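Before any comments, here is the structure.
Please read these numbers as outputs of a predicted model, since none were measured by experiment. Excluded from the calculations below are hydrogen atoms, water molecules and symmetry mates; all remaining heavy atoms, backbone and side chain alike, are included.
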Amino acid sequence: MPDFMRFTPAVGRLLMVAVFFFAGIGKLAAPAATKTYIATGLPYPDLAYWLAVAVELGVAALFLLGFQTRLTAAVLALFSIATALAFHHNLGDQTQIVNFLKNFAIAGGFLQAVAFGGGACSLDALVAKRSR
C-alpha cells in the first residue's frame, strides 16, 4: 500500500464529520429556533437539543481524532438514521428525499468505519502501538 494511503481514513473522517460540526455550531448559535424545529419531530426538545449538540460536536470530535472509532462511528450512524426518520420522512417532498438519502449515505460511511476502524492515523492506532 502506498504511504499516502495511510492518511486516507483520517481525511475521510474529517470529510464525514464536517457536516456535524457545522450543524452543532449552528445549534449553539440558535438554540431557541433549533428546539422549536426539534419539537416538530421529537418529544423533549430540550433534552434532544443537548443530545444532538453532544453528538454533533463531542462524538464527532472523538471520531475525527480516531478515538474509539468503531464505537463513535456506530453512534454517528445511529444518529444519522434517527435524524432521517424523525425529520426527513416526508418523501413526497424532493428536498426531504434528498436529505433522507443523504443521512442514510452518511450512516453507510460510518458503518464502513465500524467495520474497518480508524486506520493508521488515529488515536486508536497510537494506543494499540503503545500497548505492544
Side-chain angles (χ1 to χ4, degrees):
M1 176 178 358
D3 274 348
F4 73 88
M5 292 297 288
R6 61 182 260 147
F7 299 104
T8 303
V11 173
R13 289 194 314 272
L14 174 63
L15 294 173
M16 290 171 67
V17 298
V19 68
F20 289 88
F21 289 143
F22 185 79
I25 291 167
K27 283 175 179 57
L28 288 175
T34 301
K35 290 176 188 180
T36 299
Y37 181 70
I38 289 170
T40 67
L42 296 174
Y44 311 109
D46 290 326
L47 176 63
Y49 169 81
W50 286 112
L51 180 63
V53 169
V55 169
E56 290 174 347
L57 297 178
V59 177
L62 294 173
F63 178 79
L64 174 61
L65 296 171
F67 180 76
Q68 295 291 316
T69 305
R70 287 182 163 95
L71 175 61
T72 56
V75 169
L76 291 165
L78 289 172
F79 181 82
S80 297
I81 292 168
T83 302
L85 295 172
F87 298 107
H88 304 301
H89 51 77
N90 179 8
L91 302 183
D93 177 349
Q94 186 167 352
T95 301
Q96 293 299 317
I97 292 171
V98 169
N99 283 313
F100 184 88
L101 293 173
K102 170 197 54 97
N103 281 33
F104 270 72
I106 290 169
F110 285 124
L111 292 177
Q112 290 288 308
V114 170
F116 298 109
C121 295
S122 66
L123 288 178
D124 291 343
L126 180 63
V127 169
K129 184 177 180 181
R130 287 192 176 188
S131 66
R132 285 186 230 144

- List in chain and number order the residues that pass ring-ring contact (aromatic ring centres under 6.0 Å, His included) with Phe7, two or more places apart in sequence or in another chain; answer none if no residue qualifies. none

- Item | Spatial distance of atom CG (Leu15) from atom CG (Leu64) [nearest 0.5 Å] | 10.0 Å

- Restricting to pairs with a member in residues 77-93, which pass side chain to side chain donor-acceptor pair (under 3.5 Å), not counting sequence neighbours? His88-Gln96

- Inter- and intrachain pairs under side chain to side chain donor-acceptor pair (under 3.5 Å), touching residues 24-48, at least two apart: Lys27-Glu56, Lys35-Asp46

- Message: Distance check, rounded to the nearest 0.5 Å: Lys102 atom NZ versus Thr95 atom OG1?
- Response: 11.5 Å

- Task: Taking Arg70 for its side chain and Ala115 for its backbone only, find out whether a donor-acceptor pair lies under 3.5 Å.
- Result: yes

- Query: Heavy atoms, side chains only, cut-off 4.5 Å: are Ile81 and Asn103 in contact?
  - Reply: no

- Can you tell me how far OG1 of Thr8 sits from CZ of Arg13, rounded to the nearest 0.5 angstrom? 11.0 Å

- Query: Got a sec, which pairs hit ring-ring contact (aromatic ring centres under 6.0 Å, His included) with one end in residues 102-125, sequence neighbours left out?
  - Reply: Phe20-Phe110, Phe63-Phe110, Phe100-Phe104

- Task: Please name the pair of heavy atoms, one in Pro45 and one in Ile38, separated by the smallest distance, quoted to 0.1 Å.
- Result: CA-CG2, 3.8 Å

- Task: For atom CZ of Phe67, decide whether the heavy atoms of other residues, nucleotides or ligands shown that lie under 6.0 angstrom number more than 12.
- Result: no

- Message: Would you say Leu71 ends up clustered with Leu126 if hydrophobic residues are merged whenever their side chains have heavy atoms under 4.5 Å apart, either directly or through other cluster members?
- Response: no

- Item | Nearest non-hydrogen partners of Leu91 and Ile97, listed with the distance | O-CD1, 2.8 Å

- Cluster link Leu28 to Phe22, ILVMFWY, side chain under 4.5 Å: no

- Item | Nearest heavy-atom neighbours spanning Ala48 and Leu42 | CB-CD1, 4.2 Å

- Message: With clusters defined by side-chain heavy atoms of hydrophobic residues (ILVMFWY) lying less than 4.5 Å apart, directly or transitively, does Leu51 cluster with Leu76?
- Response: yes

- Message: For residues Val17 and Ile25: do they belong to one hydrophobic cluster (side chain heavy atoms under 4.5 Å, members Ile, Leu, Val, Met, Phe, Trp, Tyr)?
- Response: yes

- Query: Going by heavy atoms in the side chains, are Val59 and Phe79 under 4.5 Å from each other?
  - Reply: no

- If you look at every heavy atom in Ala73 and Ala113, which pair is closest and at what distance? CB-CB, 3.8 Å

- Do you reckon Val75 sits in the same ILVMFWY cluster as Phe21, going by side-chain contacts under 4.5 Å, direct or chained? yes

- Message: Give me each pair satisfying side chain to side chain donor-acceptor pair (under 3.5 Å) with a member in residues 115-127, each pair once, sequence neighbours excluded.
- Response: Thr69-Asp124

- Note on the structure: By ring-ring contact (aromatic ring centres under 6.0 Å, His included), Tyr49 pairs with (sequence neighbours left out) none

